[in-house]
Protein chains: 2
Amino acid sequence: MEDEPAIADLVRLYLTRDGFGVHLERDGEAGLNAARRLRPVACVLDIALPGLPGTEICRRLREAGDWTPVIFLTARDDEVDRIVGLELGADDYVTKPFSPRELVARVRAVLRRSAGGPEGADRQRVVGPVTLDPARRTVTAAGSPVQLTSTEFDLLAHLMARPGRVFTREELLAGVWGYAAHAGTRTVDVHVAQVRAKLGPASVIRTHRGVGYAVDA
Amino acid sequence: MEDEPAIADLVRLYLTRDGFGVHLERDGEAGLNAARRLRPVACVLDIALPGLPGTEICRRLREAGDWTPVIFLTARDDEVDRIVGLELGADDYVTKPFSPRELVARVRAVLRRSAGGPEGADRQRVVGPVTLDPARRTVTAAGSPVQLTSTEFDLLAHLMARPGRVFTREELLAGVWGYAAHAGTRTVDVHVAQVRAKLGPASVIRTHRGVGYAVDA
DNA sequence: GGTGTGTGTTCGAGTTCGGTAAAGCCGGGC
DNA sequence: GCCCGGCTTTACCGAACTCGAACACACACC
């Protein structure tokens with residue numbers, strides 16, 4: 001649940017990309033009803049929502065014996081103490097501005113915890129001669145290891161998460177850099193070039209003129 | 001055992017939901033008696049309790065040869081409580097504010113551990129020239145023994161539990177220190193430096209700039 | 001071939017990040 | 001009490017990285 005459309009869309013995009021089904025509500029009351037009706041595996045709630053504040057939604061769910069994991073989005077650090085656990089029974093929180101990646105990671109962590117299971121294996125991704133391991137943050141091209149910087153790695157990981165899918169520069173900026181990024185879109189080009197150079201002849205990133213970038217499916 | 005009703009109820013609800021039978025006491029003396037009478041599989045103790053502090057309950061149980069797993073609830077940032085608790089033979093602790101789910105996870109983990117569970121936690125770990133023995137809490141580098149402090153050992157053990165896997169500072173703070181906090185401190189860096197210095201040229205800890213640390217796979 | 005839009009590449013200033021030394025803090029032992 | 005060892009915090013500096021401007025190049029359309 002989230003009232004700012006831009007953020008909401010981004011969050012949805014990310015969670016969807018990671019295999020979660022996402023239902024979105026912009027209003028507190030509607031959100032509470034949806035949570036009750038749909039019985040989701042987890043809720044992501046903005047603290048400030050029109051209609052009914054997120055905290056209140058959480059409280060009511062708990063009151064009704066609903067222990068669906070809840071993750072809060074909050075703009076302020078000082079709200080945090082109140083949120084987690086004690087009064088409300090929330091499971092985690094993320095402060096704005098946040099990277100969508102971080103949110104996804106926390107959703108996963110919360111689900112893992114509530115499932116009590118061992119760590120879910122971040123799966124290795126392979127495209128042509130290039131392999132990428134998210135947990136180890138390693139990349140190999142044609143068998144040899146490749147040293148990428150943090151941003152370069154995230155960029156490649158993002159592209160390789162959905163081989164064949166074309167990402168616009170804006171999407172990449174939002175996804176890799178975070179929605180609060182102030183970088184210009186040409187920054188993406190520069191980093192793509194850098195990754196290509198490091199991958200050498202094995203480069204799998206293809207330009208879609210006038211649109212963006214993708215890795216070969 | 002917990003004196004604040006709101007927190008106590010929350011904890012009970014969560015544990016119950018996860019299939020644990022829960023007996024609740026609000027007072028230290030009563031708690032100690034209950035623990036002796038009921039012989040629970042585990043105790044969750046608030047440090048601050050009316051009547052008898054949680055630390056004292058733990059101490060007395062241990063004194064009487066009772067090694068029931070104990071998990072402490074401590075006030076935030078209260079380093080004193082943490083140390084005392086662990087020295088008294090506690091098995092784990094959770095700092096307020098905590099996520100109820102986290103508490104449940106820790107209870108499960110403690111039980112798993114005390115059951116001598118399937119965790120390969122006690123197996124010796126070898127990475128390059130470095131070996132680490134969790135049971136003996138010893139480390140050798142290139143054949144010679146290395147003296148590590150308790151924190152340093154835990155840190156290295158944590159990293160070596162999954163060679164190659166990159167841990168963020170936040171993950172390490174949570175896993176090694178038990179802080180549920182969202183980082184913002186250099187503590188991890190300093191300890192990493194310390195471990196590196198002691199391991200000498202055999203140092204296997206690699207920095208992943210902008211991410212965290214890992215040991216070479 | 002000319003032109004214009006979009007992309008590749010280079011490069012340096014500015015910033016961020018991590019290593020390190022040193023000081024503060026706290027508890028335990030003497 | 002005092003000192004001592006270990007943990008945490010702070011401050012500084014060098015190294016690594018980022019980002020955007022500037023220019024070169026490629027492609028598409030005329």
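In what follows, every heavy atom counts, from backbone to side chain, and hydrogens, waters and symmetry copies are set aside. Owing to the predicted nature of the structure, the values given are computational and were not obtained by experimental measurement. Just so we're on the same page: letters track the sequence lines, and every chain starts at 1.
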Trainee: What is the nucleic acid contact for B:V190, judged by heavy atoms within less than 4.0 Å: base, sugar-phosphate only, or nothing?
Mentor: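 Base contact.
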
Trainee: D:dT18, D:dT9, C:dT7: which one has an atom nearest the side-chain heavy atoms of A:Y213?
Mentor: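 Among D:dT18, D:dT9, C:dT7, the one nearest the side chain of A:Y213 is C:dT7.
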
Trainee: Taking only side-chain N and O atoms of B:W177, does any of them lie within less than 4.0 angstrom of OP1 or OP2 on D:dC7?
Mentor: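 For B:W177, the contact criterion (side-chain N or O under 4.0 Å from OP1 or OP2 of D:dC7) is not met.
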
Trainee: Assess the side chains of A:T149 and A:T151: does a donor N or O sit below 3.5 Å from an acceptor N or O?
Mentor: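 Side-chain D/A pair, A:T149 to A:T151: absent.
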
Trainee: Check whether any side-chain heavy atom of A:L159 sits under 4.5 Å from a side-chain heavy atom of A:L172, and report yes or no.
Mentor: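 The answer is yes, as the side chains (C-beta and beyond) meet within the 4.5 Å cut-off.
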
Trainee: Given C:dT7, D:dC7, D:dC19, which nucleotide is nearest the side-chain atoms of A:D189?
Mentor: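 The listed nucleotide nearest to A:D189's side chain is C:dT7.
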
Trainee: Kindly determine whether A:T140 and A:V130 satisfy side chain to side chain contact (heavy atoms under 4.5 Å, CB included), including the steps that lead there.
Mentor: CA-CA 6 Å; A:T140 64; A:V130 178; over 6 Å; no

Trainee: How many whole angstroms separate atom NE2 of B:H191 from atom P of C:dG18?
Mentor: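 From B:H191 NE2 to C:dG18 P: 17 Å.
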
Trainee: Rounding to a whole Å, what distance do you find between A:R196:CZ and C:dT10:P?
Mentor: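 About 13 Å, once rounded to whole Å.
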
Trainee: Between atom CZ in B:F153 and atom C1' in D:dC7, what is the gap in whole Å?
Mentor: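 Taking CZ of B:F153 and C1' of D:dC7, I get 18 Å after rounding.
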
Trainee: When the nearest nucleotide of DNA chain D is assigned to A:E152 and to B:K198 on a heavy-atom basis, which residue is associated with the more 5' position?
Mentor: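 It is B:K198, whose closest nucleotide lies nearer the 5' terminus.
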
Trainee: Just checking A:T149: base, sugar-phosphate only, or nothing, at a heavy-atom cut-off of under 4.0 Å?
Mentor: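 Since only primed, P, OP1 and OP2 atoms lie under 4.0 Å of A:T149, the category is sugar-phosphate.
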
Trainee: Do you know the tightest heavy-atom contact between A:R169 and A:G212?
Mentor: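 Reported closest heavy-atom pair: NH1-CA, 4.1 Å.
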
Trainee: Under 3.5 Å, is there an N or O donor on one side and an acceptor on the other linking the side chain of B:R186 and the base of C:dG19?
Mentor: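 For B:R186, whose side chain was compared with the base of C:dG19, there is a donor-acceptor pair (under 3.5 Å).
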
Trainee: Quick one: is B:T207 getting a side-chain N or O under 4.0 Å of the C:dG18 phosphate, OP1 or OP2?
Mentor: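 The answer is no; no side-chain N or O of B:T207 sits under 4.0 Å from OP1 or OP2.
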
Trainee: Check nucleotides 27-30 of chain D for protein N or O atoms closer than 3.5 Å to its own N or O atoms and list the pairs.
Mentor:
none

Trainee: Return yes if some donor-acceptor pair links the side-chain N/O of A:T187 with the main-chain N/O of A:G184 below 3.5 Å, else return no.
Mentor: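 Yes; at least one donor-acceptor contact below 3.5 Å.
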
Trainee: Can you tell me how far P of D:dC17 sits from NE2 of B:H208, to the nearest Å?
Mentor: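 That distance rounds to 12 Å.
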
Trainee: For the side chain of A:R169, counting heavy atoms from C-beta on, which of C:dT7, C:dG18, D:dT8 is nearest?
Mentor: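 Per side-chain heavy atoms of A:R169, the pick is C:dT7.
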
Trainee: Send over the distance from B:D154 CG to D:dG6 P, rounded to a whole Å.
Mentor: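 B:D154 atom CG is separated from D:dG6 atom P by 14 Å.
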
Trainee: Between A:R125 (side chain only) and A:A157 (backbone N and O only), is there a donor and an acceptor less than 3.5 Å apart?
Mentor: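 Side chain of A:R125 to backbone of A:A157: a pair is present.
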
Trainee: For a quick test of reading the model, state the closest non-hydrogen atom pair linking A:V188 to A:Y213 and the distance between them.
Mentor: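 Smallest interatomic distance, heavy atoms only, reads CG1-CE1, 4.1 Å.
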
Trainee: On DNA chain C, nearest-nucleotide positions of A:Q194 versus A:G212: which is more 5'?
Mentor: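 Its nearest nucleotide being more 5', the pick is A:G212.
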
Trainee: Between A:T187 and A:L148, which residue's closest nucleotide on DNA chain D lies nearer the 5′ terminus?
Mentor: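 On the 5' side of the pair lies A:L148.
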
Trainee: Rounded to whole Å, please give me the gap between CD in B:E170 and P in C:dC17.
Mentor: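 Rounded to the whole Å, the gap is 14 Å.
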
